[in-house]
J.: 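Right, I'll just put the structure down here and ask away after.
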Amino acid sequence: MKKVLLIAAATLGCTVIGAQAGDFSKAKIDVIVKATTSQYWGTVFDGARQAAKDLGLSIATLGAPSELDVAQEVQILENATAAKPTGIVIAATNAQALAQPVDAATKAGIPVVVIDSDANTKNYVTFLATNNETGGQKAAIEMARCIKARTGGDTGKVAYLTALAGAQSLNDRDKGFVEQLKSYPGLSIVEHRVGNNEASRALSDSEDLLTAHPDLVGIFADNELEGDGAGTAVSEKGLGSKVCLVAFDTSDQEIKFVRSGIIDALIVQNPYMMGYAGVWYALAAAHGVVFPKYVDTGVSVVTKDNIDSPQMGGLLDPKKYVLSPFLGAQ
Amino acid sequence: MAPLLEVEGLVKSFGPVDVLHGVDLSLAAGEVLALVGDNGAGKSTLIKHVAGVYRPDAGEIRLEGQPVRVETPGQARALGIETVYQDLALADELSVGANIFLGREPVKHLFGFLPIIDNRRIRMETDALLARIESKIPPRARSVSRLSGGQRQAVSIARALYWRAKVVIMDEPTAALAVMEREHVIGLARRLASEGVGVIYIGHNLIEILEVADRVSVMYRGRIVHMTKAEETNQQELIKYMTGFTGK
Amino acid sequence: MGEGTLSKAQEPGVRVSMFEGLRHRLPLETYVLALTVLVWILLAVFSKYFWTTGNITDILRQVSIDAILAFGSLFPIVLAGIDLSVGSVAGLAGVIFSMLIADAGQGILVALVVTVVVGLIIGMVNGWASERLGIPPFIVTLAGLQGYRGLALLLSGGLTIAGMPPGLQKFALSSVLHVPSLFLLMLAFGLAAHFLLAYTRTGRYMYAIGSNIESARRVGIRVTLVVIISYALASLYATISGLLLVARLSMGAPTAATGSELAAIAAAVVGGASLFGGRGTILGCFIGALLFTTIGNGANLLGVNSFWQMVIEGLLIAFVVYFDNLQKRRQAGLG
């Protein structure tokens, strides 16, 4: 696998170097995300724009305002296909609904790079995404490490919060967390709450959890709004030094909580790289490069200790992103 | 002394349709004037001008000899013109007292500055008023939705009485009522007249009209075609005028 | 309705004793209050953590913001209207308020005034559009539900806004004589709303308009003005709850209070308000909100599956509305 990637990267590099001598200014790549109004997707766009600048091509940043609007995304993709761009980078809001339009784009001869969330087809160049299950596993590992550091033991009750029912990426995170936690027989999951992707609901749920289980030692929150709410509850009840809180993503509030010791670890994806590599891969594929069907963009763990390190800086603030050779997650 | 209410040369059209072609009408204090006519004759349009719902294209309305402008229901009420509508215009969820005082609630001041409704006064006045019209309405009924049709008419009439209306317009007040209740409402109309109120009574039931009215005006196609004392006419004659079988 | 009388249920034409009147119809609030007390007792029995100072304080804080939103949505409901935009307005208010502080560097007071003014304008537009333009309030505020949420997302770029002064959250967590400040604030807003509805002409006209808008017009009530006041109050209360959410979480979130318009309307309805207008009380709204908060808290304490919790809440709404209808039909039979 690694070898394939190296070859791919090398080919890509050559193509691009060769091409920079030439001219990509006529190349146009459409980048379609799930929701144009979120920080996460904004970072994807940032990465894509950087790639466009490096490569001297143009991109269009597209998407529905809301992740709930599947139909609109389908329409955007169909319109893009009709306009025959050099390549398309897309995050599929719904795997089933986007499968056929992705097929159609590929059949029309447009290379499609799927990022973040998969479409239910194999007719695309590659799928470039966070492995959410791995992210969930890392969350469990961080939680166990934190509990060990705090109590000296590896026993106790933990709970986890799901932001929203029915979202594949969240289900994968939860699955990874729950499975990995089984390797710590002393840690038991006593509670699971499903919210409505809203911080105040997450706050109430967390407060009640902490009331119902005064001996709770860990909470896992599977996205940023759950992290914000759970963090507020833990800080309100003054349990920052007692409860190990591990959360996904990087809202400003979550970062503050990491600094103040309320959140012990953040599991951070790399949306910048999805946008950046997405555009590169699409261009390379248009020039005949073949990629593996799946490339993991990796997750990182941010803690109080490494939050100010330069690598993390880029993950927390795309403006500080430092590009390094990217060969997929190790 | 001028009549209580005079309508002179009232003209109204809705777009191309002429509804009233110069209507004259006069009403004395203490009398019940019945207004009859077929559907579409213009009865409702006429009284809605007096009640401030419509504005006339031409013509004049005089109250106690003075020309008045009646352009909103609020102005009509302020002038002492009350209407008892056939569709029982009460606020269903409000109590009897709240309905009688609706729009004119007595106010007292809490802590000397916060204006609040004086519910105690409303209750007392309502009790006295209902006793006065010998009504069987439970004065404290929480909402008038629980009252019968006749009782609801009685509330409307009591409202007119309480506010010392000079003119009360009753628009088919018995249309939806049982026989026993009709008698009660007719009694209330007579009672209003006996207290010096001028009553315009619109109805279809000619037996009832001849029982309640002092005078009868017949409307036909936007004009008043006949005016008579009630004791000098009969059903056949009225029907003749209503159906236009009299020339003109 | 503000008449303060107990003999609420005589059959027409027949004087009945106060006792019999009570038997025929207690206001719905009474039953819902009884149900809430029952749920509290059950929870106290089944969870040893329910009846603890910490948990009761949590419940009082949790109910406060929801109840304020429910109070606001009662005004249009009394008019036989509805305001579906309150959740989005709360979200938008939170975003404007927190951006004014965090991004524009304004003080809390300036941010507060600006946000409240924006909220009032939104409400007045809602009232004006549904009354003067004759667009059903359901449609007007449905557009608001979508539009104001969109605006909140746009303004914030979809991001949560941190950087609130610590004093805000300190206030949200503070207590006066062991009662959370948020709860006291909710009481104050509740009392003000109750006072308006039960004791002032404006409030009475709201019930009159909700009962029979034509009769209200005919007695010379300035219907448009009252409708605009009503929707402005709904938005004002939504704005306040949005601000309190910001204080509580120490951040503005464009998704805050998503879907809470339905929770607010449900609280009002469970508390005895009629969507057909003319009926509903602030006390009822509070009890309704308290019941929902208690169910949420209880489900969390007892570890009831989150999805079952939703089913239970749905059944509760259905049951209460059915029960209310049943009572009304029985009354109609008597009358």
Side-chain angles (χ1 to χ4, degrees), chain A residues 33-43 45 63 65-68 159 161-166 190-214 224-225 227-229 231-233 235-238 249-257, chain C residues 47-50 52 54-55 57-59 61-63 65-66 87 90-91 94 102 146 149-150 152-164 169 172-173 241 244-245 248-260 293 296-307 309-310:
Chain A
V33 299
K34 291 193 198 177
T36 50
T37 53
S38 97
Q39 181 166 20
Y40 182 85
W41 298 110
T43 308
F45 281 156
S66 157
E67 292 206 14
L68 302 173
L161 303 167
T162 304
L164 204 60
V190 291
E191 203 63 89
H192 170 219
R193 310 306 305 174
V194 182
N196 58 355
N197 208 18
E198 215 226 308
S200 66
R201 167 76 182 267
L203 166 59
S204 298
D205 284 350
S206 308
E207 281 181 342
D208 294 346
L209 281 182
L210 293 167
T211 303
H213 303 280
E224 62 177 56
L225 289 167
D228 292 340
T232 306
S235 109
E236 266 183 19
K237 293 192 175 277
D249 299 335
T250 56
S251 72
D252 291 351
Q253 191 78 348
E254 282 183 319
I255 291 167
K256 266 174 62 186
F257 282 138
Chain C
S47 167
K48 60 179 170 173
Y49 300 112
F50 179 76
T52 56
N55 192 52
T57 309
D58 284 346
I59 289 184
R61 267 200 219 110
Q62 288 166 15
V63 76
I65 297 175
D66 293 351
Q146 190 77 351
R149 179 68 65 192
L153 287 162
L154 255 166
L155 284 176
S156 62
L159 312 184
T160 55
I161 302 139
M164 296 299 107
Q169 195 169 28
L173 289 175
S241 69
L244 294 178
L245 276 174
R248 187 79 211 281
L249 290 156
S250 196
M251 65 175 202
T255 53
T258 302
S260 47
T293 303
N297 176 261
N300 283 338
L301 292 189
L302 299 176
V304 175
N305 180 303
S306 300
F307 302 142
Q309 183 191 332
M310 290 172 74

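So that the names make sense, note that chain A is the first sequence line, chain B the second, and so on, each numbered from 1. The structure displayed is predicted, hence computed values, not measured ones. Just the heavy atoms: all of them, side chains too, but no hydrogens, waters or symmetry mates, feed the values below.
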J.: Below 4.5 Å, heavy-atom pairs only: which of C/Asn297, C/Thr293, C/Thr258, C/Asn305 has the largest tally toward chain A?
T.: C/Asn297
J.: With a 4.5 angstrom heavy-atom cut-off, could you sort out which part of C/Phe307 is near chain A: side chain, backbone, both or neither?
T.: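 When you check distances to chain A, only side chain atoms of C/Phe307 fall under 4.5 Å.
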J.: Rounded to the nearest 0.5 Å, what separates atom CG in A/Asp252 from atom CD1 in C/Ile161?
T.: 9.5 Å
J.: Taking all non-hydrogen atoms of both residues into account, name the closest pair between C/Asn300 and A/Arg193 and its distance.
T.: OD1-NE, 2.7 Å
J.: Measure C/Ser47 against the heavy atoms of chain A and call it side chain, backbone, both or neither at under 4.5 Å.
T.: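 For C/Ser47, no heavy atom lies under 4.5 Å from chain A.
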J.: Please determine whether side-chain contact (heavy atoms from CB on, under 4.5 Å) holds for the pair C/Thr255 and A/Asn197, giving the CA-CA distance in whole Å, both sets of side-chain angles, and the decisive distance to 0.1 Å.
T.: CA-CA 8 Å; C/Thr255 53; A/Asn197 208 18; 5.7 Å; no
J.: Only pairs of heavy atoms separated by less than 4.5 Å count here; which of A/Ser200, A/Gly195, A/Ser235, A/Gly231 has the most with chain C?
T.: A/Ser200
J.: If I take atom OG from residue A/Ser204 and atom CD1 from residue C/Ile65, how far apart are they, to the nearest 0.5 angstrom?
T.: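 Between A/Ser204 OG and C/Ile65 CD1, I get 8.5 Å after rounding to 0.5 Å.
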J.: Can you tell which part of C/Leu301 gets under 4.5 Å to a heavy atom of chain A, answering side chain, backbone, both or neither?
T.: both
J.: Under a 4.5 Å cutoff for heavy-atom pairs, which residue among C/Gly296, C/Ala257, C/Gly298 has the most contacts with chain A?
T.: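 Heavy-atom pairs under 4.5 Å are most numerous for C/Ala257.
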J.: Just wondering, do A/Leu203 and C/Arg248 contact through their side chains at under 4.5 Å, heavy atoms?
T.: yes
J.: List the atom of A/Ala212, the atom of C/Tyr49, and the distance in Å for their closest heavy-atom pair.
T.: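 Nearest heavy atoms, A/Ala212 then C/Tyr49: O-CE1, 3.0 Å.
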J.: Does the side chain of A/Lys237 reach to within under 4.5 Å of the side chain of C/Asp58, using non-hydrogen atoms?
T.: yes
J.: Please look at A/Glu207 and chain C and tell me whether the side chain, the backbone, both or neither of the residue comes under 4.5 angstrom of a heavy atom of that chain.
T.: both
J.: Considering only heavy atoms and a distance below 4.5 Å, find which of A/Ala165, A/Gly229, A/Pro214 pairs most often with chain C.
T.: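 Going by pairs under 4.5 Å, I would pick A/Pro214.
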J.: List the residues meeting ring pair (Phe, Tyr, Trp, His ring centres under 6.0 Å) with A/Phe257, not counting sequence neighbours, and say none if there are none.
T.: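 By the ring pair (Phe, Tyr, Trp, His ring centres under 6.0 Å) rule, A/Phe257 matches no residue at all.
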J.: How many angstroms lie between OG1 in C/Thr57 and CD in A/Glu236, if you round to the nearest 0.5 Å?
T.: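 These two atoms lie 11.0 Å from each other.
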J.: Could you have a look at C/Thr160, C/Leu249, C/Ile59 and say which one has the most heavy-atom pairs with chain A under 4.5 angstrom?
T.: C/Leu249
J.: I need the minimum non-hydrogen distance between C/Ser306 and A/Val194, along with the two atoms involved.
T.: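 Heavy-atom minimum between the residues: OG-N, 2.9 Å.
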J.: With only heavy atoms counted, which part of C/Ser250 is less than 4.5 Å from chain A, the side chain, the backbone, both or neither?
T.: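 For C/Ser250, the contact with chain A is made by backbone and side chain together.
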J.: Taking the side chain as C-beta and beyond, is there a heavy-atom pair between A/Lys256 and C/Met251 under 4.5 Å?
T.: no
J.: A/Ile255 versus chain C, heavy atoms under 4.5 Å apart: side chain, backbone, both or neither?
T.: neither
J.: Restricting to non-hydrogen atoms, name the atom on A/Asp208 and the atom on C/Gln62 that form the minimum distance, rounded to 0.1 Å.
T.: OD1-NE2, 3.2 Å
J.: Of the backbone (N, CA, C, O) and the side chain (C-beta and beyond), which part of C/Leu173 lies under 4.5 Å from a heavy atom of chain A, both, or neither?
T.: side chain
J.: Using non-hydrogen atoms only, which part of C/Arg149 is less than 4.5 Å away from chain A: side chain, backbone, both, or neither?
T.: neither
J.: Quick check for you: to the nearest 0.5 Å, what is the distance between A/Gln253 atom CD and C/Leu159 atom CG?
T.: 13.0 Å
J.: Residues in salt bridge (charged side-chain N to carboxylate O under 4.0 Å, His left out) with A/Arg201, at least two apart?
T.: A/Asp205
J.: Where does C/Ala172 contact chain A at under 4.5 Å (heavy atoms): side chain, backbone, both or neither?
T.: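 When you check distances to chain A, no heavy atom of C/Ala172 falls under 4.5 Å.
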